[in-house]
Every structure is written in structure tokens, then in C-alpha cells.
Participant: 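I'd like to ask some things about the structure below.
In what follows, chains carry the letters A, B, and so on, assigned in the order in which the sequence lines appear, proteins first and then strands, with residues in each chain numbered from 1.
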Amino acid sequence: MHSLEIKDLHVSIGDKEIVKGLTLTIKTGEVHAIMGPNGTGKSTLSKAIAGHPDYTITSGDVLIDGKSILEMEPDERARAGVFLAFQYPSEIPGVTIANFLRAAQQARLAEGEELDATAYYKKLYSKMDMLKIDRKFTSRAVNEGFSGGEKKRCEILQMAMLEPIFSLMDETDSGLDIDALRIVADGVNAQRGEKLGVLLITHYQRLLDYIVPDYVHVMWDGRIVKSGDKSLALDLEARGYDWVKQELAAKA
Amino acid sequence: MSSSTLPATKSIIGAFTAEAFAEHLATHKSAPAWWLDRKRVAYAKFAALPMPSRTDESWRFSNIGTLTLDGFAPTPVSDLKSEIPKPFGLPALTFFNNLLISDRSAKAGLTAKGVIVTTLAEATTQHADLLKAHFMAQPQKLGSEKFASLHTAFVADGAFIYIPKGIELAEPIIITHVATGAGTAVFPHTLVIAEENSKVTVVDHFVSADASAHFACGANDLYAAHGAQLTYVAAQAWSKDTLSFQFNSTVVRRDARVQSLNIHLGARQARHESLSQLQAPGAFSEMLALTVATGTQEFDQRTLQIHQAANTKSDLLYKNALNDSSKTNFSGLIIVDPDAQKTDAYQSNRNLMLSEDAEVNSLPGLEIQANDVRCTHGSTTSRVDPEQLYYLQSRGIHPKTAHQLLVFGFFEEVLNRLENEPLHDALRGLIQSKLGQ
């Protein structure tokens with residue numbers, strides 16, 4: 001079992017503090033959902049863990065199996081097992097999905113070791129079949145001209161190929177119609193298990209009907225203010241975020 | 001020549017003295033008189049014309065101070081000590097320091113179809129009329145008349161390729177030009193005549209067999225007759241201390257199509273001039289180039305698309321990736337003659353800066369004398385998008401590899417225009433080896 005520990009994390013963009021002391025531990029085998037209104041710091045949290053250069057961690061720590069990853073470059077964090085499924089994945093003109101994933105696989109091998117191309121394609125095609133992705137997809141440039149659903153499926157395909165230990169899924173449901181959402185959810189569910197810990201970031205309860213979380217956390221103004229099981233998500237759906245706000249106010 | 005005796009003003013003939021020219025002629029005594037006369041006329045022109053100056057518009061942005069004709073050996077003698085790289089497979093002809101060292105043209109089974117793949121030396125006697133009509137026959141309008149004359153004066157040999165009417169060749173014809181030895185001057189030449197409705201791909205590979213400084217002054221003449229389809233690829237991989245000039249002339253006749261792709265990798269300073277003349281309706285010239293500039297390399301690209309007839313089309317796309325403190329200059333001009341109505345001309349220079357210290361100069365231009373035309377031109381210079389870089393890194397890809405992928409992505413738009421898949425792969429490999437350095 002592996003653990004991802006987020007300890008009293010503070011994150012700023014420029015001078016503005018967005019995440020204000022967040023603590024959370026995720027273990028492999030668990031699916032955690034973080035919910036909260038827009039602008040509360042959910043996406044910032046995921047990007048900071050994945051090492052995006054625009055996000056500054058001002059204090060606190062992020063550890064995998066007790067070892068801080070904050071000194072690692074983004075590519076090192078990825079090779080250490082962190083995967084970020086982007087809300088808005090970049091388009092990379094001229095770089096095919098096949099070449100892109102091949103480079104990502106090659107990066108995980110020891111220096112001088114060559115990727116087994118036959119095994120690579122076998123794996124790629126089986127994962128594509130699982131996600132109902134057409135084979136022709138591999139020769140298309142990464143995300144270029146993709147529909148919203150294709151982009152998200154492409155993210156899940158990458159996750160399936162790279163087999164991370166911890167996957168941070170940033171608003172994976174945004175921009176998806178119900179069919180695309182189901183395919184994406186099936187893809188994630190197929191990867192669920194003892195080897196993977198998931199942090200699902202979502203604005204809406206809808207995604208959690210398809211990927212049922214073990215834990216639900218409510219994020220508000222840069223912190224986790226409430227945690228519970230999947231029923232918390234249903235409460236939020238029924239009562240809205242104002243309910244949490246009122247509770248907070250009452251405590252204060 | 002010792003460096004301590006350098007004259008205060010740079011010599012306009014450098015190592016290419018009258019004695020050196022006489023020595024060159026002496027080694028070509030058996031050549032026909034008309035050929036030797038051409039050389040004499042060219043030498044006189046070369047010797048009379050001044051070196052480019054800072055005020056010449058056609059040399060704007062070029063580093064004039066590093067252009068020197070001193071210290072080169074016009075008639076080199078050297079042994080081939082190392083293996084010649086063969087990224088495109090076995091060449092039909094291989095020239096080593098201007099001389100033919102390997103001829104596989106007969107083995108390729110081309111002669112049966114009437115295809116001629118031979119040397120310029122052979123052509124001066126066997127195909128004199130074709131050579132007279134096409135060898136360096138087009139005007140030098142892009143600033144290097146002096147160096148083009150030098151080429152004609154000293155050219156020792158080269159490739160002569162003739163594709164008869166209606167013949168289509170699936171396999172590319174590969175020509176390799178090798179330079180080796182310090183100070184060696186080479187004058188590679190490739191002449192391609194594609195007759196009516198023929199189809200051919202010719203690859204010129206320019207390569208140094210050692211790391212010493214060479215002087216390369218090459219030219220290629222491309223002629224596509226009615227309905228011909230000619231693809232020409234040049235991969236320039238001279239040593240990084242080489243001073244290189246390359247002059248391209250393309251003539252496109254009715255309904256013919258020429259696609260040229262120049263890959264610029266080597267040399268310390270390389271100037272490439274490319275002229276396309278669209279002479280009859282339906283003619284189409286596609287002019288493509290890719291440059292990987294690193295270190296302190298300077299690449300100078302001057303282009304001219306002349307539309308001389310109605311309903312002609314040209315499409316230029318030059319892409320440069322610049323690292324370190326390298327520099328690229330692009331200056332392109334589209335001329336549409338008064339009668340060339342319905343011209344469709346496009347010119348685009350795109351630059352990807354991989355370093356803060358690199359320098360890009362880009363001067364696209366139009367000169368339109370017809371009133372019913374579609375001409376667009378443009379130039380863009382961009383940096384690597386940090387979000388794209390981060391995206392690749394977030395998948396575990398090392399930053400250096402991520403940069404390479406982005407450069408390839410940038411180049412792919414050009415490479416994808418090549419029909420020939422193995423050629424595409426070979427060029428990718430060459431570019432990869434430069435990027436991986």
C-alpha cells in the first residue's frame with residue numbers, strides 16, 4: 001500500500017493565496033472526492049501537487065510514502081507515480097498520441113533501455129479497446145481538434161497506459177455528455193483497485209453517480225471544511241453549498 | 001596562406017586565384033571547349049564582382065564579416081578515411097571532394113526506362129544540348145551572383161538526371177556529396193530534367209566526413225516539363241565549421257508540379273537562395289524548408305517566387321527552430337507579372353525560438369503587377385508554449401525530450417507534405433540526431 005499525504009498545504013498564484021492549509025491523506029485502493037464551489041482552490045490543489053510552475057507552495061508538504069515530492073520536477077513527480085488528468089488538456093500539434101505515449105513510456109525505462117515496441121502497441125490497443133477508442137486515434141495529434149469527450153478519453157487512456165499510483169482528476173466530468181461521462185467513468189472504474197489511489201475533483205455530484213467515492217470532502221476557501229462518505233455528496237446535491245457555509249458561520 | 005599576412009581589406013577572390021583557376025582548368029583539359037569557355041566567363045565575373053557589403057539589401061541581416069574566401073583549397077586532394085553516412089539508403093552517385101567515387105546508377109535498373117543518371121562530366125559530351133539549356137541557365141536574382149559564378153567556374157562534377165516522357169519512378173534517386181579535409185572547397189551540383197508527365201523524387205545529401213572546416217558552394221537546377229511531378233529533397237549536413245552557399249533554381253512548365261524541401265542542419269554559416277519560376281498555366285511550385293539552428297550557427301534564406309503566367313500557384317513554407325545563440329534570416333519575395341492573372345501565391349516563414357539568445361529576422365514581401373490574384377504572406381515567431389511543455393512533463397517526459405517532441409510537432413506540418421514515407425522517416429532521423437546533440 002502507498003500513501004499520498006498532503007500536510008497543511010498552502011499554495012499561492014503570484015501573491016494570492018489560494019490553498020490555505022489543507023491536510024488530506026489518500027491511500028492506494030481509495031477514491032476520494034473533493035467537492036466545492038468554483039474558485040475555492042480545488043484545481044489549484046491538483047496542479048500544485050503535480051508541480052505546475054505557476055503555483056507556488058509557500059508552506060506545508062506533499063509526501064509519497066513519507067517522502068516529500070516538493071523538490072521534484074514535474075516529470076520526476078510523474079515518474080514517481082503522480083498523474084494529473086487535466087480539466088483543459090493542452091493541444092500538441094504535430095505530435096501523435098502514439099509518439100507521445102511512447103515517449104512517456106520510454107521515459108520510465110532506465111537509460112539505454114529501449115522500449116519493446118510490440119508490447120507497447122499491444123498494451124496501447126487493449127487500453128483503447130477498453131475505452132472504446134478507435135485505432136485511428138493513435139495517429140492524430142495530441143488533443144488537436146478533439147471534442148471535449150475525446151480529450152477526456154485521451155486523458156483516461158494516458159492514465160491507463162502510465163499506470164500511476166495516484167491519479168488527480170481535475171473536473172474530469174466537465175464538458176461531457178452523459179454517454180461520454182459513462183465511458184470515462186467506466187475507464188476509471190476499470191483501473192480502480194488496490195494499486196491506485198484517486199482524488200476526484202468535481203463541482204457536481206453527477207460524476208459520483210458513476211464513480212462512487214469512498215470519501216467525500218468539501219472544500220471551501222482553500223481548506224477542507226467537511227468530510228464524510230458518499231452520502232455527503234448527496235446531501236450537497238440536495239441542500240447546496242450554502243448549507244456548508246451556514247454551518248461554518250455557526251461554528252465561527 | 002598564413003593568418004599574419006591577412007590584408008587590411010578582405011580579398012574579393014581569396015583562395016580562388018587566377019592560378020588556382022588555371023590549375024582547375026588543367027585538370028579538365030579534355031572537357032569540351034564550350035564548357036571551358038563558360039567556366040572562363042564565370043571566373044572573370046566572379047573575380048570582378050565585389051564581396052557583399054553591409055549596404056546590399058539582399059544581404060540585409062547577414063553577417064558579412066564572417067564571409068571569407070581565404071584559406072580554402074580549390075582543388076582538394078584527400079583520402080576518404082571514414083564511413084559516409086547513408087541515411088537515405090544506397091546513393092545512385094556519390095561524389096567525394098568533387099569527384100565521383102561510386103556509381104550505382106546502372107545497378108538501379110534505371111537505364112532500361114531511358115532514365116539517365118550520370119555525371120556532369122559525362123553530360124558535357126553526351127548531353128551537351130540539355131546541359132547548355134539547363135545548367136545554371138536561370139538568372140541569379142537573389143544576391144549571390146558572385147558566388148554562383150564561382151560555382152560555375154570551379155564545378156568539377158555533379159549529377160545529371162534526366163527522366164524521359166511519361167516515366168514514373170517510385171524509388172527516390174539519392175545523390176551524396178561528401179567533403180573532407182581541412183579547408184576543402186566543394187562545388188556540388190545536381191541537375192534534374194523531368195520531361196512531360198514524368199514523376200521522380202531526387203534527394204541531395206550534403207555531408208562532411210570529418211569535423212574540419214569546408215567551403216561548400218553548390219547549386220541545383222530543377223526543370224519540370226508539361227505535367228511533370230518533381231520532388232526534390234536536399235539535406236544539408238556539412239560540418240559545423242563549414243561556410244555554405246546553395247543556389248536553387250526551379251522552372252515549372254504547364255500543369256507541372258515541383259515540390260522542394262531543404263533541410264538545413266550543418267555549417268557555421270549557410271546561405272540558401274531559392275528561385276521558382278512559374279512559366280505556364282497550371283504550374284505549381286511548393287517550396288519547403290526546415291532548419292535546426294544551434295550554437296552560433298547562422299542560416300540565411302532568400303527566396304523568390306515569380307509568377308510569369310496566368311493560373312499558376314506557389315506555396316512556400318519555411319520553418320526554423322532556433323536554439324542557443326543561433327540566427328536565421330528569411331527574406332522572401334513573390335513577384336506577379338502583369339499577365340499572371342489568377343495567380344495563387346502563398347509565403348510563410350515560421351520560427352520557433354527555443355532560447356532567449358537566438359535571433360530571427362524575417363522579411364516577407366510581395367510585388368504584384370496583376371489585378372486578379374490571391375497572394376498571402378506572413379511571418380510568425382513564437383516560443384515554446386509553457387503549458388504544452390508542462391503537459392508533456394506531467395506525463396513523465398524529460399524536459400529535453402519534451403522540447404524535441406515540440407520541435408518535431410512544429411516541423412511535422414512540413415514533413416507531412418512528403419508523400420514518400422521512408423524518406424519522411426529518414427529526414428526525421430537526421431533531424432533527431434541534430435536535436436539530440
Side-chain angles (χ1 to χ4, degrees), chain A residues 46-55 72-109 111 139-144 151 154-155 157-165 167-168 170, chain B residues 261 263 288-292 317-321 348 350-354 356 380-419 421 424-425 427-429 431-433 435-436:
Chain A
S46 64
K47 289 214 167 135
I49 296 170
H52 192 292
D54 289 352
Y55 299 80
M72 293 181 178
E73 292 298 317
D75 53 305
E76 293 176 86
R77 295 185 198 193
R79 296 195 297 275
V82 175
F83 181 88
L84 172 62
F86 287 70
Q87 183 178 6
Y88 303 111
S90 282
E91 299 190 4
I92 319 276
V95 177
T96 62
I97 289 181
N99 284 340
F100 165 55
L101 278 172
R102 203 175 161 149
Q105 297 276 11
Q106 179 69 49
R108 284 161 171 79
L109 301 178
E111 193 148 339
S139 58
R140 286 178 66 184
V142 177
N143 296 321
E144 195 184 31
K151 281 186 181 171
C154 183
E155 293 293 291
L157 173 65
Q158 294 169 44
M159 177 176 151
M161 286 299 287
L162 300 177
E163 298 171 329
I165 308 170
S167 185
L168 318 169
D170 189 7
Chain B
L261 167 57
I263 308 276
L288 306 169
L290 295 175
T291 307
V292 182
L317 178 59
Y318 277 31
K319 286 193 160 190
N320 302 318
S348 174
R350 303 196 185 281
N351 304 292
L352 179 65
M353 305 272 275
L354 303 168
E356 296 289 323
T380 58
T381 298
S382 57
R383 295 186 185 283
V384 167
D385 178 352
E387 284 301 321
Q388 291 180 343
L389 190 62
Y390 174 68
Y391 188 72
L392 295 174
Q393 267 190 277
S394 78
R395 298 311 184 232
I397 298 171
H398 298 272
K400 191 177 169 169
T401 312
H403 270 107
Q404 288 179 15
L405 278 173
L406 291 174
V407 172
F408 267 116
F410 174 69
F411 281 172
E412 205 57 27
E413 182 188 359
V414 168
L415 290 174
N416 269 341
R417 304 241 195 134
L418 274 181
E419 260 182 37
E421 198 61 38
H424 182 153
D425 291 344
L427 293 173
R428 276 186 70 98
I431 293 167
Q432 177 72 58
S433 60
L435 286 174

Participant: Quick one: does any side-chain atom of R77(A) pair with a main-chain N or O of M72(A) as donor and acceptor, under 3.5 Å?
Facilitator: yes
Participant: Which residues in residues 389-396 of chain B have any heavy atom lying under 4.5 Å from a heavy atom of chain A?
Facilitator: Y390(B), Y391(B), L392(B), Q393(B), S394(B), R395(B), G396(B)
Participant: Between A141(A) and I92(A), which heavy-atom pair has the shortest distance, and what is it?
Facilitator: CB-O, 3.7 Å
Participant: Under a 4.5 Å heavy-atom cutoff, which of P93(A), A107(A), S90(A) has the most pairs with chain B?
Facilitator: S90(A)
Participant: Which residues, numbered in order, of residues 409-418 of chain B come under 4.5 angstrom of chain A by heavy-atom distance?
Facilitator: G409(B), F410(B), E412(B)
Participant: Below 4.5 Å, heavy atoms only, C-beta onward: do K47(A) and L84(A) meet side chain to side chain?
Facilitator: yes
Participant: Hey, could you give me the CG/OG1 distance between N320(B) and T291(B), rounded to the nearest 0.5 Å?
Facilitator: 4.0 Å
Participant: With heavy-atom distances below 4.5 Å as the criterion, would you say the side chains of E91(A) and V142(A) are in contact?
Facilitator: no
Participant: Would you indicate whether the side-chain heavy atoms of I431(B) and F408(B) approach each other to under 4.5 Å?
Facilitator: yes
Participant: Under 4.5 Å from any heavy atom of chain B, what part of R108(A) do you find: side chain, backbone, both or neither?
Facilitator: side chain
Participant: With Q105(A), which residues qualify under side chain to side chain donor-acceptor pair (under 3.5 Å), at least two apart?
Facilitator: none
Participant: Under a plain distance cut-off of 3.5 Å, with no hydrogens placed, do H398(B) and E76(A) share a side-chain donor-acceptor pair?
Facilitator: no
Participant: Is there a donor-acceptor pair under 3.5 Å between the side chain of H52(A) and the backbone N or O of A48(A)?
Facilitator: no
Participant: For chain B, which residues of residues 157-164 of chain A have at least one non-hydrogen atom nearer than 4.5 Å to it?
Facilitator: Q158(A), L162(A)
Participant: When you compare the side chain of N351(B) with that of K319(B), does any pair of heavy atoms fall below 4.5 Å?
Facilitator: no
Participant: In Å and rounded to the nearest 0.5 Å, what is the SG to CD1 distance from C154(A) to I97(A)?
Facilitator: 4.0 Å
Participant: Got a sec: does the CD of E419(B) have more than 12 other heavy atoms crowding it under 6.0 Å?
Facilitator: no
Participant: Can you tell me how far apart OH (Y55(A)) and OG (S46(A)) are? Round to the nearest 0.5 Å.
Facilitator: 7.5 Å
Participant: Minimum heavy-atom separation for V82(A) to L168(A), with atom names?
Facilitator: CG1-CD1, 3.9 Å
